[in-house]
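Just so you know, these numbers use all the heavy atoms, side chains as well, and skip hydrogens, waters and symmetry mates. From a predicted model like this one, the values you see are computed outputs, not experimental measurements. Letters A, B, ... are given to chains in the order of the sequence lines, protein chains preceding strands, and every chain is numbered from 1.
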There are 2 protein chains.
Amino acid sequence: MNSRRVESPAAEVHDGTVTTDSAQGPPPGKRRGRRPAGQDTRTALVEAARTVFGESGYEGATVRTIAARAGVDAAMVNHWFGGKEGLFAEAVLELPFEPSEVLKILLDGSIDELGERIVRTFLTRWDMTGGGLFQALIRSITAHEQAGQVLRDFFLNQLFQRIVDSAGVENTDLRATLCASQLMGLGMTRYVAKFEPLASADVETLVKAVAPTIQRYINGDIG
Amino acid sequence: MNSRRVESPAAEVHDGTVTTDSAQGPPPGKRRGRRPAGQDTRTALVEAARTVFGESGYEGATVRTIAARAGVDAAMVNHWFGGKEGLFAEAVLELPFEPSEVLKILLDGSIDELGERIVRTFLTRWDMTGGGLFQALIRSITAHEQAGQVLRDFFLNQLFQRIVDSAGVENTDLRATLCASQLMGLGMTRYVAKFEPLASADVETLVKAVAPTIQRYINGDIG
DNA sequence: GTCTATACAACGATAGAC
DNA sequence: GTCTATCGTTGTATAGAC
């Protein structure tokens, strides 16, 4: 794989007058220069990326395709996200796990069934994406330290810290990371390394097997 | 599609230092042809590869660098290992976890303490490599399907299948993959994503927390 | 002599510099 | 865009073991 140099211009608020490629076209083509105000290029790219990455996986998706679907120039991906990987990280993390929505599902019910609900929710959502997104996510983490930071904030601060907090136990930090470790391992084994029979097992089979682990990490005896 | 321009216009096959054994005194450059017996090119490559892969990861390490450190030509990597991938598999998988040695350690003792011994052994060995090799391993399996196959054979067939078999339970295949899932997740969280406080936790703290999970996957109730 | 481990040259691809 | 350095890999001539 490539070690793309990522300058990470990242979250620049003001657009920096990047010229769009002059479209092939005669009339209906895009104009050069800054787009009219109110068009949220960044959001459009993220939404297009979710669709295209989900359809084609990380490898299959091309920056050009995503940009075309978003109706902007491919150079915008570099400008806003520092490259394909950065766009991916943002698109993938927020797509299947919109935090407030997931939290609502997970925290609605008995604490003693939290493990079950967590494993079922994660596996179901990951399965829906076909696993390609998970694999690309892992790759993104190993390739760029920055992606690890994004994942860390999301996984821990937005999800597991709050989940574990709701259980009213001590050592919440360690418990949260232990939960993350088992779930990441589950994803690695099922979608990336593809160890059988786990990779093809029913969701409910895995829920039965793994939920007690998560439950113990949340509010059981860990030391 | 450019044919790279060679600098020296004289494209003589024979030139320079190679020709003379007798006349010219200094034979500092490597001579062509078979080296004197007793020089273990293969082992030298594996050792160099461990160092370089650990420092630079799979992508960052180059075959040429590894070969140079080993004091041999880069083509030897192909000759002995079939390519970069093969060298990586041998260097990363078989050296720190020489299966028979690890199996001996793990299977020596009570079955009810297997979880403890497994977690302690893996963490200790991974910690010794500084985590660089683990990161390189993960990177490798996300990049190349073939590396996943190597990992699968090693982890399951050589290690966990036998371990679980020794416990005399059913569902050994699923149990083995469950064990692998927690250990891979532990490595991901500690060495790649670096979630704190798990990433900096004492080995024994993690042994206490995670060993019961592994133990349950080996011979507990999983469904 | 045969066989093979070895080093050198070169290729196509690609990423970065200019 | 063009050029260049470098990557992994392959082809091949040769030196040394047998």
Between [X] ([atom1]) and [N] ([atom2]), how many Å, whole number?
{"X": "B:Phe88", "N": "D:dC7", "atom1": "CZ", "atom2": "P", "answer": "18 Å"}
{"X": "B:Asp73", "N": "D:dA13", "atom1": "CG", "atom2": "C1'", "answer": "13 Å"}
{"X": "B:Glu85", "N": "D:dG8", "atom1": "CD", "atom2": "P", "answer": "12 Å"}
{"X": "B:Met76", "N": "C:dT6", "atom1": "CE", "atom2": "C1'", "answer": "5 Å"}
{"X": "B:Arg64", "N": "C:dA9", "atom1": "CZ", "atom2": "P", "answer": "12 Å"}
{"X": "B:Leu45", "N": "C:dA5", "atom1": "CG", "atom2": "P", "answer": "13 Å"}
{"X": "B:His79", "N": "D:dG8", "atom1": "NE2", "atom2": "P", "answer": "19 Å"}
{"X": "B:Asn78", "N": "C:dA7", "atom1": "CG", "atom2": "P", "answer": "14 Å"}

Notebook entry, point to check: Out of C:dC8, D:dT9, C:dA5, which has the shortest distance to the side chain of B:Trp80?
Noted result: C:dA5

Notebook entry, point to check: Counting side-chain heavy atoms from C-beta on, which of D:dC7, C:dT6, D:dT10 comes nearest to B:Thr62?
Noted result: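 Nearest to the side-chain atoms of B:Thr62, counting from C-beta on, is D:dC7.
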
Item checked: Pairing residues for B:Phe53 by the ring-ring contact (aromatic ring centres under 6.0 Å, His included) criterion, not counting sequence neighbours ->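 B:Phe53 satisfies ring-ring contact (aromatic ring centres under 6.0 Å, His included) with B:Tyr58, B:Phe88 once adjacent residues are dropped.
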
Check: Which residues pass the ring-ring contact (aromatic ring centres under 6.0 Å, His included) test with B:Tyr217, sequence neighbours left out?
Finding: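 Counting only residues at least two positions away or on another chain, B:Tyr217 forms no ring-ring contact (aromatic ring centres under 6.0 Å, His included).
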
Note to self: For B:Leu198 and B:Leu186: C-alpha separation, side-chain torsions, deciding distance, then whether side chain to side chain contact (heavy atoms under 4.5 Å, CB included) applies.
What the structure shows: CA-CA 9 Å; B:Leu198 194 154; B:Leu186 202 55; 4.1 Å; yes

Notebook entry, point to check: Within the side chain of A:Arg190, is there an N or O that forms a donor-acceptor pair under 3.5 Å with the backbone of A:Phe195?
Noted result: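 No; zero donor-acceptor contacts below 3.5 Å.
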
Notebook entry, point to check: So what does B:Ala61 hit on the nucleic acid, given a heavy-atom distance under 4.0 Å: a base, only sugar-phosphate, or nothing?
Noted result: sugar-phosphate

Notebook entry, point to check: Can a side chain N or O of B:Thr41 be found less than 4.0 Å away from OP1 or OP2 on C:dT6?
Noted result: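 B:Thr41 to C:dT6 OP1/OP2: side-chain N or O found under 4.0 Å.
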
